[in-house]
Structure formats: structure tokens, C-alpha cells
Amino acid sequence: QVQLVESGGGSVQAGGSLGLSCAVSGVTIYKACMGWFRQAPGKEREGVASIYGGGWNNYADSVKGRFTISQDNAKNTVYLQMNSLKPEDTAMYYCAYSSRPVWNGRDCNLRSDFGSWGQGTQVTVSS
């Protein structure tokens, strides 16, 4: 059974930074399609970043250049470093795993079928 546990959320002023962690159990992330998503109140969930094999990364246009997704295979943990945060980044952030086979790194992206989700961690950015 795959379990995803997020941590690292909190409150920060605009322009600040936060780092999120997603501890994964039940699957090895080395060759897994992992992603970060977020959902603000009253809005649909949106993809933020995805990663496969440590080298295939995809980002939503709204976070490119500010957010960085990475993974530590030894710790089986996925990270999201968020810099230059804006009030519009305020949301619940979720870690996700896709069990669909990945034949090419491009197959792992924000449109992948993510079936396992963490409980979420809140990020609040004040102006």
C-alpha cells in the first residue's frame, strides 16, 4: 500500500521561501512518476510540478523559475522548494504518485494519472 506524507507547510510573507517534503512508503520513487498539486479554496486542483527518475521535471507555467522539484532516493522522499512566493500560491499542497508504467520520461507529466495522494499540507502566503 502506497502512503504519502507531506510536511513543511506554513505561513510566510510574499517573497519568502518554503520547502515541502513528501515521505513515500510502499513504492520506490527511483523509477516512479511523482507530482505536487495544489488546491486553493473555491478553485480546482492544479498541477504544480512532476518528476521522474530524478531528471524529467515538469512545472506549471505559474511556478517556473520559482519552484524546484527534487527527490532523494535514499530517503524515498520527494521535495518541493518554493521561492519568491506570492499570495496566489496560497493553497493546500498535495503529493501524488502515479502507478502507470513510464516508458519514456516524457510520459510523466502534470497530465499523468495520479492515483495515490497524501493528506496535504497548507501553504499560506501573506502580502
Side-chain angles (χ1 to χ4, degrees):
Q1 182 180 358
V2 178
Q3 286 192 319
L4 311 172
V5 180
E6 302 98 334
S7 61
S11 298
V12 65
Q13 288 192 326
S17 299
L18 278 176
L20 305 183
S21 299
C22 173
V24 182
S25 60
V27 66
T28 301
I29 67 171
Y30 173 63
K31 287 294 185 182
C33 181
M34 304 295 301
W36 284 98
F37 290 75
R38 66 186 181 187
Q39 187 167 19
K43 295 188 176 181
E44 291 189 355
R45 185 175 63 198
E46 64 171 341
V48 176
S50 65
I51 187 169
Y52 174 76
W56 293 91
N57 301 344
N58 288 280
Y59 296 94
D61 288 342
S62 58
V63 306
K64 280 181 181 176
R66 300 189 298 122
F67 290 13
T68 302
I69 189 171
S70 62
Q71 63 187 73
D72 185 330
N73 296 329
K75 295 182 178 180
N76 220 42
T77 299
V78 181
Y79 302 97
L80 185 68
Q81 179 62 40
M82 305 181 294
N83 299 328
S84 302
L85 283 161
K86 305 175 181 179
E88 50 263 43
D89 294 319
T90 294
M92 185 72 80
Y93 282 71
Y94 298 91
C95 179
Y97 159 70
S98 172
S99 62
R100 293 294 181 93
V102 177
W103 307 113
N104 183 297
R106 297 184 185 88
D107 293 338
C108 177
N109 53 63
L110 295 177
R111 295 181 299 278
S112 295
D113 182 15
F114 291 92
S116 298
W117 298 83
Q119 82 289 349
T121 185
Q122 178 68 37
V123 171
T124 302
V125 184
S126 58
S127 57

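These numbers come from a predicted model, not from an experiment. Sequential numbering from 1 along the given sequence is applied to the chain's residues.
- Sorted by first and then second residue, the ring pair (Phe, Tyr, Trp, His ring centres under 6.0 Å) pairs involving residues 27-47 (not counting sequence neighbours) are Phe37-Phe114, Phe37-Trp117.
- Pairs of residues two or more places apart, or lying in two chains, never qualify as disulfide bond (SG atoms under 2.5 Å apart) while including a residue from residues 57-92.
- Every residue meeting the side-chain contact (heavy atoms from CB on, under 4.5 Å) condition with Ala23, not counting sequence neighbours, appears here in chain and number order: Thr77.
- Residue pairs satisfying the side chain to side chain donor-acceptor pair (under 3.5 Å) criterion with at least one member in residues 63-75, sequence neighbours excluded, are listed as follows: Asp61-Lys64, Arg66-Asp89, Gln71-Asn73.
- With sequence neighbours excluded, the residues that form a side-chain contact (heavy atoms from CB on, under 4.5 Å) with Asn58 are Ser50, Asn109.
- Side-chain atoms of Leu20 and Met82, non-hydrogen and from C-beta on, do get closer than 4.5 Å to each other.
- Remark: Glu88 pairs with no residue by the salt bridge (charged side-chain N to carboxylate O under 4.0 Å, His left out) rule, at least two apart or across chains.
- Taken to the nearest 0.5 Å, the CG atom of Asn76 stands 4.5 Å off from the CD1 atom of Ile29.
- Contacts of Ser17 classified as side-chain contact (heavy atoms from CB on, under 4.5 Å), with partners at least two apart in sequence or in another chain: Gln81, Asn83.
- The side chain to side chain donor-acceptor pair (under 3.5 Å) contacts involving residues 39-49 comprise Arg38-Glu46, where partners must be two or more places apart or lie in separate chains.
- Remark: Thr124 pairs with Ser11, Thr90, Gln122 by the side-chain contact (heavy atoms from CB on, under 4.5 Å) rule, at least two apart or across chains.
- Residue pairs that meet the disulfide bond (SG atoms under 2.5 Å apart) test with at least one member in residues 26-93, sequence neighbours left out, are Cys33-Cys108.
- When all heavy atoms are compared, the tightest approach of Ala96 to Leu4 is CA-CD1, 3.7 Å.
- Within the structure, the disulfide bond (SG atoms under 2.5 Å apart) test picks out the following pairs touching residues 37-107 (sequence neighbours left out): Cys22-Cys95.
- The ring pair (Phe, Tyr, Trp, His ring centres under 6.0 Å) analysis of residues 44-95, with sequence neighbours excluded, yields no pairs.
- Using modelled atom types, one side-chain atom of Glu6 and one backbone atom of Gly120 make a donor-acceptor pair closer than 3.5 Å.
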